[in-house]
> 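First the structure, then my questions, so here it is.
Just so we're clear, the structure is a prediction, and the values are computed from it rather than from any experiment. So that the names make sense, note that chain A is the first sequence line, chain B the second, and so on, each numbered from 1.
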Amino acid sequence: MQHGKYRFIAGFLALPLVIYAVFVISPFVQAFQISTTEWSGLRGAAKSIGLDNYDKLLHSDEFWNALKHNVIMLVLVPIATLALGLFFAFMLNVGGRSRRGAVITGVRGAGFYKFVYFFPQVISITIISVIWFNIYNPDPHDGMLNSLLGAVGLDSLQSSWLGEKDIALACIMVVMVWANVGFYVVLFSAAMASIPRDIYEASLLDGANRLHTFFRITLPLLWDTVQTGWVYMGIIAMDAFALVQIMSVNMGGPDGATDVVPLRLYQTAFRDSQFGYAAAMGVAMLVVTLLFAVLTMRFARRERIEF
Amino acid sequence: MTTETNAVDRRPAVSGPSTGGAARGRKSRKGAEGGVLNVFSHGMLIVWALMVGLPLLWVLWSSFKSSGDILTTPWSLPDSLHFENWANAWNKANIGKFFLNTIIVVGGSVIGTMVLGSMAGYVLARFTFPGNRFIYYLFVAGMSFPVFMLVIPLFFVMRDFPGIPLLATYQGLIMVYIAYSLPFTVFFMTSFFRTLPTSVAEAAMIDGASHLRTFFQVMLPMAKPGLISIGIFNFLGQWNQYLLPMVLNQNEDKYVLTQGLANIALQQGYEGDWGGLMAGMMIAMLPVLIVYFIFQRQVQAGLTAGAIK
């Protein structure tokens, strides 16, 4: 019996573990090793150069420029996405007019809204990029956004969007927010639904209004979810690869204004064949991601409220 | 009395969806604050719905327009239905081939992920043995590795793999998709199997069923809700995967849809066969749309499951 048990365990774990070890764990370990070499990808031609790649990285304006954009995204995109997500979720769940005897006063058609908002989550980032590439078409008559602005008389706001150095990055961030708000609306709606109504009822008896209930009840009780959501969103903000690659002018342009670390890494490796240097960028990404997660967990920590 | 009405009026909701029938006869009780807030909130909700919905609908109606019209009058409806866009996309732009590639790769990898993920999850959830925790955390740790960091070494692991060619092959891509889906799948299935009652499996064992049989005939059927959620999650994630094929699948014959579309889009800039591209995007979205329409709740629950612990 015992023997059979261990044979069963080994049999069930062997294949998943092997595949996982070969394609995930071993690359993870190798990344550190490759980052200490100078390597054009030729078999056996890697030259060990210690930490030189990291030194180069620290002194590379290109890298800092890209990292700066990722950090800007890391700060702004989660704030905007989570704020909108919370706002819409609260509206969907609480924004409705009250009706006779029913405590439940969600907005009419809440399910429909969630269905629409969530849509960008299920389609490929490639498609999202192509759509927004058209929305941002710089032509004042042909561009979707520009022609819309023209039609309502806001010609002065027309712009070449992704071609404009000052706002190109913001344009990319808008797409990230656009694509991810729905995820948080659904997530926060589910979390809000699990808050017991007596808490609301009690607070209402005490004369609280909606604003109060949101900041004094909903938000504190959702804090755990918000925190996890923040980390999730931060990881997405560290990426932005497909959006920048497909949408931006000259990949990362104009003039490096939308460059991000993943794009730098991709081009350093697969266009310039500097694999050691690119691997160092990868390790740097790991460090930034972990730092972000730890900081978020640390600063956002609140006493957990059981309900 | 007035205070009481007021309190009722301002009473917030706890859950959203079930709004339907009870909506009648509320006008009389509506307070001023509720009314203003309601108009405002509804307005915001509608604006956002349009912002999200219109661009997506735009792809649909543009896929029936001529390329010239898409560019010069992006908001106009099609003057006549250009069905040839769909045919062009399928044949000339090779979307048909990419579609088939995607079906093969995602089909293989979703099945593989589900089988291997639930096997590992089951063993890790229900058996105590030395190293159990270590293996579990090894899998879970994979969720926090940035894929960009792994993709360079991975490229060489695939290129130099002894025996079987893995770069730009179905089998290579399938195995990579499985490997990168395992951390979350194992994490999810382990916690799912933990929630299932132990008594049924014990009864089966007492009746003489082997471990293998207990797993396939008793536990897996019981785990069906979990399998559906994680299956949808993996299907969507793998169908839309972009970076991994980008790096590991650089042969145009083996392109998956996301690559093919990105390739077309990158090559043509603001010129070219936009009608074909729009139709191609619709074709690429179709399976996902079908899944989303049918399993809306499960999709939403499945995709957000990772964020609720």
Side-chain angles (χ1 to χ4, degrees), chain A residues 8-9 12-13 15-16 19-20 23-24 27-28 30-31 34 91-95 97-99 102-106 108 110-111 113 115-119 122-127 130-131 142 144 186-187 189 193 197 200 204 213 228-229 232 242 246 262 265 269 275 278-279 282 285-286 289, chain B residues 7-17 19 22-23 25-26 30 34 38 41-42 45 49 52-53 55-56 59 71-72 74 116 119-120 123 127 129 142 145-146 148-150 152-154 157 175-176 178-179 182 211 236 240 242 258 261-262 265 270 281 285 288 292 296 300 303-304 307:
Chain A
F8 173 74
I9 292 171
F12 262 36
L13 278 179
L15 200 52
I19 290 186
Y20 181 62
F23 295 109
V24 180
F28 181 74
Q30 285 182 50
I34 293 176
M91 285 302 171
L92 285 178
N93 288 289
V94 186
R97 286 179 275 202
S98 49
R99 47 201 71 121
V103 187
I104 295 159
T105 47
R108 250 182 158 182
Y113 286 120
F115 177 77
V116 175
Y117 293 180
F118 198 78
F119 228 116
V122 300
I123 58 180
S124 157
I125 191 75
T126 326
I127 294 175
V130 174
I131 293 175
D142 302 351
M144 288 173 76
V186 170
L187 181 69
S189 286
R197 339 175 152 166
Y200 281 112
L204 289 164
T213 52
T228 331
Y232 257 58
I246 298 176
L265 182 152
F275 290 99
M285 276 186 74
L286 175 75
T289 311
Chain B
V8 172
D9 276 341
R10 288 188 193 148
R11 196 176 277 180
V14 185
S15 79
T19 41
R26 60 199 152 128
K30 169 187 76 166
N38 190 56
S41 65
H42 232 129
L45 290 169
V52 175
L56 299 168
V59 178
L71 275 189
T72 50
L116 296 183
M119 276 163 53
V123 169
F127 292 85
F129 57 91
F145 301 162
F148 281 95
M149 178 190 168
L150 306 181
I152 295 166
L154 179 64
V157 167
M175 282 207 270
V176 168
I178 293 176
L182 274 179
H211 284 296
L236 292 174
N240 293 331
Y242 179 59
T258 46
L261 291 172
Y270 284 112
M281 299 203 320
M285 278 196 279
V288 167
Y292 187 45
Q296 190 203 336
Q300 293 184 350
L303 290 192
T304 49

> Side chain, backbone, both or neither: which part of B:L236 has a non-hydrogen atom closer than 4.5 Å to chain A?
side chain

> Look at B:A262, B:A49, B:G53 and state which one has the largest set of heavy-atom pairs under 4.5 Å with chain A.
B:A49

> Among B:V123, B:L56, B:L182, single out the residue with the greatest number of heavy-atom pairs under 4.5 Å to chain A.
B:V123

> Check each atom of A:A269 against the heavy atoms of chain B and say whether the ones under 4.5 Å are side chain, backbone, both or neither.
side chain

> Please confirm whether the ring centroid of B:H211 lies under 6.0 Å from the ring centroid of B:F127.
yes

> Within a strict 4.5 Å, meaning less than it, do heavy atoms of the B:Q300 and A:L187 side chains meet?
no

> Using non-hydrogen atoms and a 4.5 Å limit, figure out which bit of B:F148 sits close to chain A: side chain, backbone, both or neither.
both

> Mind ranking A:T289, A:I34, A:I131 by heavy-atom pairs under 4.5 Å with chain B and telling me who comes out on top?
A:I131

> With a 4.5 Å heavy-atom cut-off, do A:Y117 and B:L45 have their side chains touching?
yes

> By side chain to side chain donor-acceptor pair (under 3.5 Å), which residues pair with A:Y113, not counting sequence neighbours?
B:H42

> List in chain and number order the residues that pass side chain to side chain donor-acceptor pair (under 3.5 Å) with B:T258, two or more places apart in sequence or in another chain; answer none if no residue qualifies.
none

> Which atoms of A:I123 come close to chain B, meaning under 4.5 Å heavy atom to heavy atom: side chain ones, backbone ones, both, or neither?
both

> For A:T126, is it the side chain, the backbone, both, or neither that has a heavy atom closer than 4.5 Å to a heavy atom of chain B?
side chain

> Are any non-hydrogen side-chain atoms of B:V59 and A:V130 less than 4.5 angstrom apart?
no

